[in-house]
Novice: 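First, the structure itself, so that you have it in front of you.
A, B, ... follow the sequence lines: proteins, then strands. Residue 1 opens every chain. No hydrogens, no waters, no symmetry mates; every other heavy atom, side chains included, goes into these values.
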Protein chains: 2
Amino acid sequence: MVEREGGPRPGGRSARVQASVHRATRDLLARMDRTAVTIPLIAAEAGVTPSTIYRRWGELNELLADVAVERLRPDMVPVETGHGRGDLLAWAEQYAEEMSSDLGREMIRDVLAAEGAAGPRRCCSYARQQIALIAERAAARGEAFPSLDAVLDGVIAPILFRILFDEALGNARVGELVERVFEGDRRGDDP
Amino acid sequence: MVEREGGPRPGGRSARVQASVHRATRDLLARMDRTAVTIPLIAAEAGVTPSTIYRRWGELNELLADVAVERLRPDMVPVETGHGRGDLLAWAEQYAEEMSSDLGREMIRDVLAAEGAAGPRRCCSYARQQIALIAERAAARGEAFPSLDAVLDGVIAPILFRILFDEALGNARVGELVERVFEGDRRGDDP
DNA sequence: CCTCCAAACGCAAATAATTTGCTTTTAGCG
DNA sequence: CGCTAAAAGCAAATTATTTGCGTTTGGAGG
């Protein structure tokens, strides 16, 4: 019962279509204004008929979200600085920077604009995995490290909240948040 | 040089059209699936021609965002409990509850899905105003109260982040966040 | 290797949404 | 009371979306 999450079986026709549609979408988004990107356009660029896209993704939002989630998947292991706090700081700074770029902001919005909570949750779990990895390394060194929820609420949440609703945080503020989450370092979550 | 932000002059034809389109949109969203709500439908419901809506709002996302921002405007003053911490807790709990409802979630997504940062910022400023009000009352009583940014990052951000990307927080967790933001109560923001 | 099957695609016609040029209405102003 | 600019209506043209049906394809079982 091994569910594959990356879509259909690799190598099949279905996978080829998905790949070329994704590529076409990325290309067009890079080349032109996002409001000008339409499904017929993507279809032409990808060499498929529009109805194929409509049947597979339903609407543009879903396709854009699909592409964005894939691009948001972390492609590297968080850098090691020697201690958990440094690891988290380095990671958070990079995360904030990537996400607050024009491209990052657009991808987040694309993910959120699609129906259903699957996309956003996957993005959240990407961050979770990265932080869990840093936490495990810290634990292996015998260091104290804040709980996953504390980091999510204390560091990731403000970073994304500000990007989405206000103005992106600078490195200074991100550093403060990381400090703060290490201050009241309680491991458990029960009252 | 008094710019009106609620749209055109009140009483004019333009204002009537805007009002009836907003009302029609709310009605339709309440009655049917959001994916079934289209501009021609709203136009029919509002008694205007579709082109009027297209010219004023451009696309459905913009109209939905416009309607959502208006519905998200706070319509009451935060309850007074006698002290700032209680005020903030009560307000945060209600905010979390409203925003995590199906309707709340949809409205937030609508606001974020529109182009431009105006809608999201207005939502952020709504929260800011409410918190500033609570903070002023606390200050008037001579109480200590965390900075606006501390509350935004420590309370509002996690609430919205979890709604958007994960699972809504319960009252217990909201209470913890409020506690925490009062713990390291520093007024200034400089290092 | 061959045959069969279901899933996915292409094609094209039908439907629906969006854009646009032009006309008409209307609220505000001299 | 007309004038005017902004906004709405109308309808034709364009573009996007849906859908029915035939075809292709990759893989499973013989």
Novice: With a 4.0 Å cutoff (strictly under), does any side-chain N or O of B:Thr49 reach OP1 or OP2 of D:dA8?
Specialist: no
Novice: Starting from the 5' end of DNA chain D, give me the residue, B:Val48 or A:Thr38, whose nearest nucleotide shows up first.
Specialist: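 Upstream on the strand: B:Val48.
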Novice: C:dT18 C1' sits how many Å from A:Leu60 CG, rounded?
Specialist: 15 Å
Novice: When you look at A:Ser14 and A:Arg56, which way does the side chain to side chain donor-acceptor pair (under 3.5 Å) test go after all the steps?
Specialist: CA-CA 10 Å; A:Ser14 189; A:Arg56 266 179 83 143; 3.0 Å; yes
Novice: Mind telling me whether B:Trp57 and B:His22 have parallel, tilted or perpendicular rings, with 30° and 60° as the class edges?
Specialist: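 B:His22 vs B:Trp57 ring planes: tilted.
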Novice: What is the distance, to the nearest angstrom, from the CD1 atom on B:Ile42 to the P atom on C:dA17?
Specialist: 11 Å
Novice: What nucleotide among C:dG10, C:dA8, D:dG9 has an atom nearest to a side-chain atom of A:Arg13?
Specialist: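 Ranking C:dG10, C:dA8, D:dG9 by closest atom to the A:Arg13 side chain puts C:dA8 first.
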Novice: If the cut-off is 4.0 Å, is B:Arg16 near the phosphate of C:dT26, judged by side-chain N/O to OP1 or OP2?
Specialist: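 No, because none of the side-chain N or O atoms of B:Arg16 sits under 4.0 Å from OP1 or OP2 of C:dT26.
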Novice: Rounded to the nearest angstrom, tell me the gap between atom CD in A:Glu59 and atom P in C:dA17.
Specialist: 14 Å
Novice: Expressed in angstrom and rounded to an integer, what is the separation of A:Gln18 atom CD from C:dA8 atom P?
Specialist: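 These atoms are roughly 11 Å apart.
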Novice: Salt-bridge test for A:Glu136 and A:Arg141: reply yes if a basic N is under 4.0 Å from a carboxylate O, no otherwise.
Specialist: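 No salt bridge links A:Glu136 with A:Arg141.
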Novice: If only side-chain N and O atoms of B:Thr52 are considered, is one of them under 4.0 Å from the OP1 or OP2 phosphate oxygen of D:dG9?
Specialist: yes
Novice: If you find the nucleotide of DNA chain D closest to A:Pro40 and the one closest to A:Ser51, which residue's nucleotide is nearer the 5' end?
Specialist: A:Pro40
Novice: B:Ile53 CD1 to D:dC10 P: how many Å, rounded?
Specialist: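 Whole-Å distance recorded here is 14 Å.
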Novice: May I ask you to say whether B:Arg180 pairs ionically with A:Asp153, meaning some side-chain N is under 4.0 Å from a carboxylate O?
Specialist: no
Novice: Among side-chain atoms of A:Thr35 and A:Asp33, is any donor-acceptor pair under 3.5 angstrom?
Specialist: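 Per modelled atom types, A:Thr35 and A:Asp33 side chains form a pair under 3.5 Å.
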Novice: Taking only side-chain N and O atoms of B:Arg55, does any of them lie within less than 4.0 angstrom of OP1 or OP2 on C:dT18?
Specialist: no
Novice: In whole angstrom, what separates B:Ile39's CD1 from C:dT19's C1'?
Specialist: 12 Å
Novice: Kindly indicate whether the side chain of A:Ser14 and the base of C:dC9 share any N or O donor-acceptor pair separated by less than 3.5 Å?
Specialist: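 It does not, because no donor-acceptor pair links the side chain of A:Ser14 to the base of C:dC9 below 3.5 Å.
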